[in-house]
Amino acid sequence: MAAFLCVYLLGMLESLTDRMGQALRNLRGVGKLTEDNMAEALKEVRTALLSADVHFKVARQFVEDVRQAAMGQEVLKSVTPGQQIIKIINDELAKLLGEGTTGLADKKPLRIMMVGLHGSGKTTTSAKLAKRLMKDGYKPALIACDVYRPAAIDQLETLAKQIEVPCYTDRTSQDVPKIGRTGWDWAKEQERNLIIFDTAGRLQIDEDLIGEIKKLKDKIVPDEVLLVADSALGQEAVNVAKHFHEAVNLTGIVLTKLDGDARGGAALSMKAITGVPIKFMGTGEKTDDFDIFHPDRMAQRILGMGDVVSLVEKAQETIDEEEAERLAKKMQSNEFNLEDMLAQMRQVKKMGNLGGLMKMMPGMNGIEIGDREETQMRRTEAIILSMTPTERQTPRLLNASRRKRIADGSGVEVKDVNQLIKQFQQMQKMMKMMRGSKGKKMMKKMQSMGGMPGMGGGCGGLPGMGGGGLPRF
Amino acid sequence: MKSFFSKFKEGLKRSTPTFQKIFGQVGGIFSGKKLDAASIDELEEALYGADFGVETATEIIDEIQAAYRKDKELRGQDAARIGARVLERVLEGAEAPEDWLGEADPAVICLIGVNGSGKTTTTAKLGWKFKEEGKGVVLGACDTFRAAANEQIKTWADRLDLRLVASHHNADSAAVAYDAWQAAKGDNAKVLILDTAGRLHTKGNLMEELKKIRRVLQKHDETAPHHAWLVVDGSLGSNSIEQARKFHEAFGLTGLIVTKLDGTSRGGALVGIYRELQLPIYFVGLGEAKEDLQPFSVKNYTNALFGLEA
């Protein structure tokens, strides 16, 4: 029950604080994003980016750029400045990640050279890419240019067989540029119009091996040079991308192993440093597990604050502004009745299932909301619906016989009805309290919370609500 | 054969100007120059850049700043020493215990990890190391999933003249483990090294497969596998901590091998893993050649990172 009320109250408080905050803002003219009201959230964002392995400098620069751009923007009615800036960061992140085209050069024949560190997934990606482009009408051939790793050629050959694509191999030669060139001719003879060159893994600082792909590049003149990079790369990602880009002029990045749980900050680092578009992503071990890169999904993954972002979005989408306004006014004028409670509950419900909603509340992750609470909410709704409109508006009419009737009508016991009425009374008491001086202080405190922080510790942690302030349910 | 120290340092020197500038001997903030606010800022950047993670980076910065408050004459070299000392403290106990191989006959070492971390190469290098030490060794090719994984390990086994037990593609990996143990026993081999398929730590069904390997091994020897090592790519960031945690939960790790430290990566994530799970780091991988696998030394690692002499 406590948990249920937690949500319920939160929904209520949210709307209440928003309304009251709105009033305060209008009074004081603080409806804009400022250094102060963004500071806390920006700090959290920076930490989030760093712990997602975004390069230190990139994280700092990115946050700074967005801060500057956001300064002075109007704060939306129904969100806090902290929430708003997180949403802005998220959107900018998606924008930056999505810059450039995910498409490949529109050519037939199309030649693609794959490069990258050891174990990043070049060979698998080569096959996946071939398979995917077949859907676009290409006839691919794979050319095995990894002459170093034992059995790399076998691996490519096996994959080629799986996806039914011809594969060129030369197990006798170590001359990679020559293999590439001969492979190209061979593919032409086979009337293939997509030629993918799989190269060996190499360190970006290995001069000999970097020299080798430069020579290969000169021979095969690829239309696309794709860097295949593990999405779990650390701070090194910047150096890797930069050096490969300098050496062979990358045209795209493929992020791999996104079926893991890496936050993938490397993607942002590489994009920010090189400006090379991220084109594809690998999402599993099967040759079909491959997709066009989705910047918005990646942004949420990196920032790890998708909860706040979707909360802001959802709140904006679903909360009926006028209805909320009406309810808030009622709350303030002590006319709040059971009908309003029902309306309030429905507003909260509109935002999605309770468990999901709760997860979206920053700091509320620890609280488990399950079917039990959902059931309880439905039951509460049923009880209120079994009352006559007059009863809902004037709850003090509810005497014992009315309560019995309502219990029967909604299929619950009288004690459930009693409990609901008791809760309602306590809520009314709280409203009264909020209008007093104590309440104003609390509102101020909530205003300064900036959305994210301060909510920690679940409901008990709501500032100003500890101690004797809030009636215990 | 180059030492871990020189090889690792060489990698660091070859590129990453920022790192060299900051951690290097000459001209950086860890030189004889006096520290100032700007260089401490730079230092913070370098520490984050090493993938140490927020906790360790903060700890090092705090200690250097405390020392700086006491003594404004503090020089870069002193800061480097402080950094190395903090890191050594964090990594205390991170080296492999003595006589870790144990008395089991054969001692079974299971190498596990995500795709592309370097398990197969490490299996080969490790096998070669035991062979050089005169210990009989058998390799088990338990990666029956990845295309041509069998061929890869077979090439290594041929090249290094190592006994290999393998099956066919898509065979039951646990059955390979079972057979490999028998072969090792029959050969009187001291060590059995099992190379498993790469799997992301987020895939529950593949974790079950690992557990099956354990169960099957235990039909032969209840104490097997004696060593379950996670092979971690040293160029990865914080996710390797998550990898280690999940593999540890699912399979029970006894140690780590950190690979690909011949590049410019500082492998700082190993610090995070050690902080979190206290698993010793047995070896580090420093290249593609057979001898490029070396025992991990805390002292060497921290000194190389901070540009101090060994």
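Because only heavy atoms are used, hydrogens play no part in the values below, and waters and symmetry mates are left out as well, while side chains stay in. Proteins get letters first, then strands, A, B, ... in listed order; numbering begins at 1 in each. Keep in mind that this is a model prediction, so the values were computed, not measured.
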Problem - Choice from A/L233, A/T158, A/L50 maximising heavy atom contacts with chain B below 4.5 Å - result: A/L233
Problem - Atom of B/Y48, atom of A/Q235 and distance for their closest heavy-atom approach - result: O-CG, 3.2 Å
Practice task
Answer with yes or no whether the side chains of A/D261 and B/T202 bring together a donor and an acceptor at under 3.5 Å.
Solution key: no
Handout entry: Residues forming a salt bridge (Lys or Arg N to Asp or Glu O under 4.0 Å) with A/E212, sequence neighbours excluded
Key = A/R202
Handout entry: Contact class of A/L156 relative to chain B, heavy atoms under 4.5 angstrom
Key = neither
Fill in the blank from the handout: Rounding to 0.5 Å, atoms CG (A/D53) and OG (B/S240) come to a distance of 8.0 Å
Practice task
Mind running side-chain contact (heavy atoms from CB on, under 4.5 Å) on A/R263 and B/N239 for me, showing each step along the way?
Solution key: CA-CA 7 Å; A/R263 299 263 303 275; B/N239 189 245; over 6 Å; no
Practice task
Please report the closest heavy-atom contact between B/S235 and A/L117, naming both atoms and the distance.
Solution key: OG-CD1, 4.3 Å
Handout entry: B/L200 versus A/G260, closest heavy-atom pair with distance
Key = CD1-N, 3.4 Å
Practice task
Anything in residues 153-168 of chain B with a heavy-atom distance to chain A below 4.5 Å? Please list those residues in order.
Solution key: B/T155, B/W156, B/R159
Handout entry: Part of B/L206 within contact of chain A (heavy atom distance under 4.5 Å)
Key = side chain
Completion exercise
In short, A/A151 meets B/Q152 closest at the heavy-atom pair CB-N, 3.1 Å
Fill in the blank from the handout: Note: vs chain B, highest number of non-hydrogen pairs under 4.5 angstrom among A/R60, A/H118, A/E157 is A/H118
Problem - Side chain to side chain, A/E285 and B/R146, heavy atoms closer than 4.5 Å - result: no
Practice task
Measure the CG-CG distance between A/L203 and B/D262 for me, rounded to the nearest 0.5 Å.
Solution key: 5.0 Å
Practice task
Using a strict 4.0 Å threshold on nitrogen-to-oxygen distance, state whether A/R149 and B/E288 make a salt bridge.
Solution key: no
Practice task
Select, from B/V114, B/N115, B/V54, B/N150, the one with the greatest count of heavy-atom pairs under 4.5 Å involving chain A.
Solution key: B/N115
Problem - Heavy-atom pair with the smallest gap, counting every atom of A/S51 and B/S238 - result: O-OG, 3.1 Å
